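Here is the structure we will look at, set down as structure tokens.
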Amino acid sequence: MGARRGAVEALATKGAEPLTFTAWQLAFGSVPLVALSLLHPHEAPRWNGEYALALAYSTVFATAGGWWLWTYVLSHAPAGVTGLNTLAIP
């Protein structure tokens with residue numbers, strides 16, 4: 001079952017622009033997270049400078065920057081080599 005899913009994904013994404021594809025992945029992945037946050041009762045965040053900096057760092061530098069670097073490496077190296085190199089990163 002997992003192999004079939006992987007094959008379908010490989011065919012569906014063949015020729016897709018890596019950065020655009022990654023943006024769609026992040027957008028679709030955020031939908032269940034937003035739904036869960038609306039269902040779970042919690043206190044609203046307290047916005048201050050430290051919170052804004054932490055949010056900016058985690059969204060812009062860590063997530064967007066990391067995914068951009070990942071797509072850059074994938075476009076310049078074979079996927080097998082790139083995938084194996086991720087095992088060395090803690």
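This chain uses plain numbering: 1 for the first residue, then up along the sequence. Nothing here was measured: the structure is a model prediction, and the numbers come from that model.
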Can you label the angle between the W68 ring and the Y72 ring as parallel, tilted or perpendicular, going by 30° and 60°?
parallel
Test your reading of the model: is there a side-chain donor-acceptor pair from H40 to the backbone of L36, 3.5 Å cut-off?
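It does not hold such a pair.
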Looking at every heavy atom in both P45 and Y51, which two are closest together, and how far apart are they?
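For P45 and Y51, the tightest heavy-atom pair comes out as CB-OH, 3.5 Å.
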Provide the closest heavy-atom pair for L55 versus T59 in the form atom of the first, atom of the second, distance.
O-OG1, 2.8 Å
